[in-house]
J.: 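Let me begin by handing over the structure; questions about it come next.
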Amino acid sequence: QEHYGGLNGLTITWIGDGNNVLHSIMTSAAKLGMHLRIATPKGFEPDFTITKITEQYSEEYGTKLLLTTDPLEAADSANVLVTDTWISMGQEEEKKERLKAFQGYQITMQTAKSAASNWTFLHCLPRKPEEVDDEVFYSPQSLVFQEAENRKWTI
């Protein structure tokens, strides 16, 4: 909102694990007037109950929702590209399996080519290079440090 001046009509794309951070975005995006596009590998989709609630919100608020396994499809025309860790606390033993499952999900400039011309990138940190490459993470489009500062004020 700080960057774009408002959220209504923006498209936010999540590429990665169907985790708690995604669930928070799913339950709020439509209420804020944001279209949501989600790409997760098979077996790593968001919680079914949260997905059903998100579908209802999307219908109620007139926003679009896409769930896919294709990161480039999800990134198409996105204003905001978002990811998070692929290996959360308590999942360390699954690291090898998860890294294999998430191959092709790293956010790169190639991913951003299909996004809107005014795209930005968010990550709630800390990030791993397999989730987003340095070129995107340190680009002028990356708002991760502003995001972290804003989060600081809520603590």
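Only heavy atoms go into these numbers, but all of them, side chains included; no hydrogens, no water, no symmetry mates.
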J.: Going from OG1 on Thr63 to CG on Leu65, what distance comes out if it is rounded to the nearest 0.5 angstrom?
T.: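 One gets 7.0 Å once the value is rounded to the nearest 0.5 Å.
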J.: Can you name the closest pair of heavy atoms from Gly18 and Thr40 and give their distance?
T.: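 In terms of heavy atoms, the two residues are closest at N-CG2, 3.9 Å.
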J.: Taking all atoms of both residues into account, what is the closest heavy-atom pair of Asn8 and Gly33, and its distance?
T.: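 Here Asn8 and Gly33 meet closest at OD1-CA, 3.3 Å.
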J.: In terms of hydrophobic clusters joined by side-chain contacts under 4.5 Å, are Tyr4 and Met34 together?
T.: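 The answer is yes; both residues are in one hydrophobic cluster.
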J.: Report the residue from Val82, Leu7, Ile38 that forms a side chain to side chain contact (heavy atoms under 4.5 Å, CB included) with Ile12.
T.: Val82
J.: Assess whether atom CD of Glu93 is packed by more than 12 heavy atoms of other residues, nucleotides or ligands within 6.0 Å.
T.: no
J.: Step through the shown structure and confirm whether more than 12 heavy atoms of other residues, nucleotides or ligands are within 6.0 Å of CD on Glu2.
T.: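 Open.
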J.: Any chance you could measure Asp84, atom CG, to Asp17, atom CG, to the nearest 0.5 Å?
T.: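 If I round to the nearest 0.5 Å, the distance is 8.0 Å.
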J.: Applying a strict under-4.5 Å side-chain criterion to I, L, V, M, F, W and Y, I'd like to know whether Leu143 and Leu125 cluster together.
T.: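 The answer is no; the residues belong to distinct hydrophobic clusters.
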J.: Looking at every non-hydrogen atom in both residues, tell me the closest pair between Gly16 and Pro41 and how far apart they are.
T.: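 Here Gly16 and Pro41 meet closest at O-CD, 3.7 Å.
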J.: Ignoring hydrogens, what is the shortest heavy-atom contact between Ser139 and Met109? Give both atom names and the distance.
T.: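 The pair with the smallest heavy-atom distance is CB-CE, 3.8 Å.
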J.: Are Arg37 and Asp70 close enough for a salt bridge, meaning some N to O gap below 4.0 Å?
T.: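 Result for this pair is no, no salt bridge flagged.
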J.: Looking at side-chain heavy atoms only, is the closest gap between His3 and Thr120 below 4.5 Å?
T.: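 Yes, side chains in contact.
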J.: Of Val80, Leu81, Asn19, which meets side chain to side chain contact (heavy atoms under 4.5 Å, CB included) against Trp14?
T.: Asn19
J.: Got a second to check how far Asp47's CG is from Met26's CE, nearest 0.5 Å?
T.: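 So the gap between those two atoms works out to 8.0 Å.
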J.: Under 4.5 Å between side-chain heavy atoms, hopping through other hydrophobics if needed: is there a path connecting Ile53 to Val21?
T.: no
J.: Any side-chain donor-acceptor pair under 3.5 Å between Glu131 and Thr83?
T.: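 No.
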J.: So do Pro71 and Ile15 actually touch side chain to side chain, heavy atoms under 4.5 Å?
T.: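 Yes, their side chains come closer than 4.5 Å.
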J.: Using 4.0 Å as the upper bound for N to carboxylate O, is an ion pair formed by Lys52 and Glu55?
T.: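 Between Lys52 and Glu55 there is a salt bridge, with a charged N closer than 4.0 Å to a carboxylate O.
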J.: Describe, in one word, how the ring planes of Phe137 and His123 are oriented to each other, choosing from parallel (under 30°), tilted (30 to 60°) and perpendicular (over 60°).
T.: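 Perpendicular: the ring planes of Phe137 and His123 meet at over 60°.
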J.: Can you tell me how far OH of Tyr105 sits from CH2 of Trp86, rounded to the nearest 0.5 angstrom?
T.: 9.5 Å
J.: To the nearest 0.5 Å, what is the distance between CD (Glu73) and CG (Leu67)?
T.: 10.0 Å
J.: Would you say the side-chain atoms of Gln91 pair up with the backbone N or O of Ser88, donor to acceptor, closer than 3.5 Å?
T.: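 Present.
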J.: With heavy-atom distances below 4.5 Å as the criterion, would you say the side chains of Glu130 and Arg98 are in contact?
T.: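 No, every pair of side-chain atoms sits at 4.5 Å or beyond.
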J.: Membership question, hydrophobic clusters at under 4.5 Å side-chain separation (ILVMFWY): are Phe145 and Val136 in the same one?
T.: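 They do share one cluster, since a chain of ILVMFWY contacts under 4.5 Å joins Val136 to Phe145.
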J.: What is the distance from atom OH of Tyr57 to atom CG of Leu36, rounded to the nearest 0.5 Å?
T.: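 Atom-to-atom, Tyr57:OH and Leu36:CG are 13.5 Å apart.
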J.: Stepwise, does the side chain to side chain contact (heavy atoms under 4.5 Å, CB included) test hold for Leu72 with Ser114?
T.: CA-CA 7 Å; Leu72 293 180; Ser114 59; 4.3 Å; yes
J.: Say whether Thr108 and Gln110, considering side chains only, have a donor N or O and an acceptor N or O under 3.5 Å apart.
T.: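 There is no such pair between these side chains.
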J.: According to a hydrophobic-cluster definition based on side-chain heavy atoms being under 4.5 Å apart (Ile, Leu, Val, Met, Phe, Trp, Tyr only), do Leu122 and Tyr138 belong together?
T.: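 No, separate clusters.
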J.: Kindly give the heavy-atom pair with the smallest separation between Tyr61 and Ala30, and that separation in Å.
T.: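 Shortest heavy-atom contact: CB-O, 3.3 Å.
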J.: Okay, side chain of Ser58, backbone of Thr54: is any donor-acceptor separation there less than 3.5 Å?
T.: no
J.: If every non-hydrogen atom of Ala74 is compared with every non-hydrogen atom of Leu66, which pair is closest and at what distance?
T.: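 Minimum heavy-atom contact is CA-CD2, 4.3 Å.
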